[in-house]
Amino acid sequence: MSTMNAELYDALTAAGTPEDKARAAAVSLATFPYDANLATKDDLAEVREDIKAEMANLVTRTELKAEMANLVTRAELKAEMANLVTRAELKAEVAKLATQDDLAEVRTELKAEITGVREELKAEITGVRTDLNNEITGVRTELKAEITTVREELIVVRNDLRWIKWMLAAILTSMLAMMVRIVLFPL
């Protein structure tokens, strides 16, 4: 049994722990894997800063709202519709017509043109909506993945901190036992 384990054993027995349990605790500590690759506070701070930097690079709601503001608005659609044939222009054309057949033909052409423009606008709006929905879905998926990764890393860090806490308690117990032995059995 190493010195530190012997001291732990002595401390535990001095504190009133049964010998078999004190020996088991000392052996358990001796077989515990010490890993030099454990995260330090500096490592955790660096990870935290990296996460903050990554989150700053993500698309914000304000940016999405700005993109949505760049889309075609109702006022712009109305302005486009106003640029189509006006009633006055239509009346002028009707006055030029000589027969009912001419009027019916112009009416059919105008309806077809208006229907075509409406369909084009609907298709464009649908495309923009689809693109925005896909972008939003992509951003959400990326954020969920980032959040899941951060949560997993936090769980690992929490477990490491628990282990460090346990080790500190063992070391402090060992030191306390040494101090008690020095006080009780001076040289």
Residues two or more places apart in sequence or in another chain: which of them pass salt bridge (Lys or Arg N to Asp or Glu O under 4.0 Å) with R129?
-> none

Quick check for you: to the nearest 0.5 Å, what is the distance between [X] atom [atom1] and [Y] atom [atom2]?
| X | Y | atom1 | atom2 | result |
| --- | --- | --- | --- | --- |
| D131 | T126 | CG | OG1 | 11.0 Å |
| D160 | M167 | CG | CE | 13.0 Å |
| R140 | L143 | CZ | CG | 9.5 Å |
| I147 | K144 | CD1 | NZ | 9.0 Å |
| T13 | D20 | OG1 | CG | 11.5 Å |
| T130 | E135 | OG1 | CD | 12.0 Å |

[Y] reachable from [X] in the ILVMFWY side-chain graph, under 4.5 Å edges:
| X | Y | value |
| --- | --- | --- |
| I155 | V47 | no |
| V156 | L154 | no |
| V180 | F185 | yes |

Could you tell me which non-hydrogen atom of [X] sits nearest to which non-hydrogen atom of [Y], and how far apart they are?
| X | Y | result |
| --- | --- | --- |
| A177 | E7 | CB-O, 4.1 Å |
| T17 | A22 | CG2-N, 3.9 Å |
| L12 | A25 | CD1-CB, 3.6 Å |

Counterpart residues, side-chain hydrogen bond (donor to acceptor under 3.5 Å, both in side chains), relative to E19 (two or more places apart) = Y9

Excluding sequence neighbours, so at least two apart, what forms side-chain hydrogen bond (donor to acceptor under 3.5 Å, both in side chains) with R181?
-> D10

